[in-house]
Protein chains: 2
Amino acid sequence: MTPIRTFEEMVAKLRQSCATHRIAVVCPYDEESAEAALRAMREGFAELIFVGDSMRIAAAMESAGADSRAIRIVEAADAAEAAAKAVEEVRAGRADILMKGLIGTDVYLKAILNKEHGLLPAGDVLTHLSVAQMPGYDKLLAFSDVAVIPYPTIEQRRAMLRYDIATLHRLGISKPMVALIHFTEKVNPKFPNSTDYATLVAENARGAFGEAVLGGPMDVKCACNAHSAAVKGIKSEVCGNADLLIFSNIDAGNTFYKTITQFASATVAGILQGPAVPVLLSSRSDSPESKFYSLALACINRGC
Amino acid sequence: MTPIRTFEEMVAKLRQSCATHRIAVVCPYDEESAEAALRAMREGFAELIFVGDSMRIAAAMESAGADSRAIRIVEAADAAEAAAKAVEEVRAGRADILMKGLIGTDVYLKAILNKEHGLLPAGDVLTHLSVAQMPGYDKLLAFSDVAVIPYPTIEQRRAMLRYDIATLHRLGISKPMVALIHFTEKVNPKFPNSTDYATLVAENARGAFGEAVLGGPMDVKCACNAHSAAVKGIKSEVCGNADLLIFSNIDAGNTFYKTITQFASATVAGILQGPAVPVLLSSRSDSPESKFYSLALACINRGC
C-alpha cells in the first residue's frame with residue numbers, strides 16, 4: 001500500500017474503496033458536525049445514524065439541505081440517553097463508528113467508559129491521537145496525547161505506542177518513525193519520562209512494538225528537522241523524519257496542537273484510541289473540515 | 001515611548017540611543033557568537049570584551065575580518081576561568097552584559113550562580129525569557145520558561161512575572177497582556193498550576209505586578225486568537241492580544257519554542273532573568289541573527 005501523505009489522499013482512498021462505514025452521530029445539532037457527517041455520506045464512504053432529539057435533528061438537516069430519507073434517526077430524550085443509545089447501536093453491530101456532536105465531553109465519555117455497556121474493553125487504555133497536515137512538513141504528522149491522558153505512565157505509553165503505530169500502518173506507513181519528545185536529548189532520572197523513553201526505545205529494539213523505529217528523548221525540532229539534529233549531534237533515523245510525536249505530557253501536546261493550528265496553517269484531525277471501534281472526540285471549536293478529516297481518519301482506522 | 005513591535009525597531013531604537021553597552025563574551029570562538037557580537041559593535045551600540053584563549057579569539061576575529069584593536073581581550077586558560085573572569089569584569093563595573101560563546105551551559109551557569117563571586121543577588125530567581133517575532137503575529141511575543149525552571153513554583157512564577165513585565169515595560173509596552181498557559185480554561189486542583197494561575201490573577205487585580213493585565217488559565221490559541229477565545233466563551237482582555245505567555249512547565253515552553261522556529265518561521269531572542277545584569281544564554285544551534293537579537297534585547301533590558 002502506498003503511504004497516505006495528505007488528507008486528500010486519505011479521502012481518495014476511502015472513495016476508491018467499496019466499503020461504507022456506518023457512523024452513529026450523537027446529538028448532531030450543530031452545523032459543523034452535521035456538515036462533516038453529511039459530506040462523508042455524499043463522498044460515498046459513510047452511512048449515517050443520527051441519535052438525539054428528532055426535532056432538533058430535523059432542523060439541523062433542513063438547514064444543511066440534506067435529504068432526511070437517507071439517514072436513520074434514533075430518538076433520544078437528552079444528551080445522556082443519546083450517548084447511551086449511540087453506544088448501543090455500535091455494541092449491537094448496527095454502527096461502526098461513534099461521532100460526537102453538540103454534547104458535553106463528560107457526558108459523551110461517560111457512555112463510552114461505562115463498564116457494562118460501554119466501548120472500552122477491559123485492560124485497554126483511552127488515549128487521543130491527532131494527525132496534522134501543514135505546509136511546513138511533507139507528510140502527515142501524528143501526535144499524542146493532547147486531550148485525554150495528562151501525564152502518561154509507562155504502561156499507558158506502551159498502549160499509546162501500540163495503538164498509534166497500528167493506525168500509522170493502516171495509513172500505509174509500513175515502518176513509522178516515532179519521536180519521544182522531551183525538552184532535551186539527555187536521559188535524566190529527575191525527569192521520569194526521559195528514563196521511560198530509554199526503556200521504550202530498548203523494548204522496541206527487541207521488537208515490542210512491531211515494525212516501527214523509536215527515537216528519543218529528543219525535542220520537536222530534532223524530530224522534524226534533520227539539520228537541527230545534526231548540529232546537536234543526535235543520531236537517529238527518526239530525526240527530521242518523524243511520523244509520530246509522543247509528548248511528555250498534555251501541556252506540551254496541547255501547546256503543539258494549538259501552536260500549529262494558530263501559527264503554521266495546520267489542519268488537524270483527531271480520534272480516540274483504545275475503544276473497540278473508532279470514536280471521534282472533536283471539540284466545538286474544530287472546523288467542519290477538521291471534523292470531516294477526523295471521520296476519514298476513523299474510517300481508515302477501521303482497517304477495512 | 002512607542003512600543004517596540006519588531007526586532008528591527010529594537011535595533012533602530014538602540015542605534016538612535018547614544019548609549020553603548022560593554023559586552024563581555026565568554027569564549028567567543030564560534031562564528032555565530034563572534035559575528036553577533038561584532039555586528040552589535042558595528043551597529044554602534046556595543047563595546048566588546050572577549051574573554052578566553054587569546055589564540056582562539058584571534059583566529060575567530062581573523063575569520064570574521066574584525067579589527068582586533070577595537071576589542072579588549074581578557075586572557076583565560078580554560079572555559080571555567082573564562083566564565084569566572086567575565087563575571088568578574090561585570091562585578092568590577094568594567095562590563096554591562098554577559099554573553100555566552102562556545103562554552104558548556106553548566107560551566108557558564110556555575111560562574112553566574114557562584115554564591116560569593118556570581119551575578120545572582122540572594123533571593124533572586126534565575127529564569128529564562130524568550131521573545132519571538134513571526135509572520136503570523138503582529139507584534140513581538142515573549143514567553144517563559146523554555147530552558148531553566150522545569151516546573152515553576154508559585155514563588156518562582158511571581159519572580160518570572162516581575163522580571164518579564166519589567167522587560168516588556170522597557171520595550172515600551174506600558175500595560176503588557178500576560179496569558180497564563182494551560183491545556184484548558186478550567187481551574188482544577190488536580191492541576192496545581194491552574195490554581196496557582198487563579199491566585200496570580202487575583203494578586204494582579206490587587207496591583208501586585210504593577211501595570212499589566214493577567215489572564216488565564218487559557219491555551220495558546222485563546223491567548224493569540226480572539227475568535228478562538230470568543231467561540232469558547234473566554235472573556236479576558238488578554239485573549240488574542242498576548243504580549244507574554246507563561247507556560248505550565250518546560251515541556252510546553254520548549255515545545256512552543258521549537259514549534260514556532262520549525263513551522264512558523266519565527267526568529268527568537270532570549271535572555272536570562274534574575275541576574276544583576278542582563279545575561280545571554282544562547283545555544284549552539286541558534287542562528288547568528290537570533291544571537292544578535294538576543295544581544296539587542298539584553299541592551300534594551302538594561303533600561304538605559
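In what follows, chains carry the letters A, B, and so on, assigned in the order in which the sequence lines appear, proteins first and then strands, with residues in each chain numbered from 1.
Neither the backbone nor the side chain of B:Ser265 comes within contact range of chain A; no heavy atoms are under 4.5 Å apart. Looking at B:Ser228, neither its backbone nor its side chain comes within 4.5 Å of chain A, counting heavy atoms on both sides. With a 4.5 angstrom heavy-atom cutoff, B:Tyr151 touches chain A only via side-chain atoms.
Taking the six-membered ring where the residue is Trp, B:Phe263 and A:Tyr137 present perpendicular rings, their angle passing 60° and hence far from 30°.
Distance OG1/B:Thr259 to CD/A:Gln262: 13.5 Å, rounded to 0.5 Å. Taken to the nearest 0.5 Å, the CD1 atom of A:Ile250 stands 8.0 Å off from the NE2 atom of B:His182.
By the neighbour-count criterion of 12 heavy atoms within 6.0 Å, atom NZ of B:Lys110 is sparsely surrounded, having that number or fewer from other residues, nucleotides or ligands.
B:Phe183 is not listed as a side-chain neighbour of A:Val146, based on a closest heavy-atom distance of 4.5 Å or more.
Every pair passing salt bridge (Lys or Arg N to Asp or Glu O under 4.0 Å) that includes a residue from residues 236-252 of chain A is listed here, sequence neighbours excluded: A:Lys139-A:Asp243.
When each of A:Leu245, A:Val231, A:Asn249 is checked for heavy-atom pairs under 4.5 Å with chain B, A:Asn249 comes out on top. Per-residue heavy-atom pair counts under 4.5 Å with chain B were compared for A:Gly253, A:Gly136, A:Cys224, and the maximum is reached by A:Cys224. The candidate from B:Ile260, B:Thr261, B:Asn193 with the greatest count of non-hydrogen atom pairs under 4.5 Å with chain A is B:Thr261.
Every salt bridge (charged side-chain N to carboxylate O under 4.0 Å, His left out) that A:Lys258 has, sequence neighbours left out, goes to B:Asp219.
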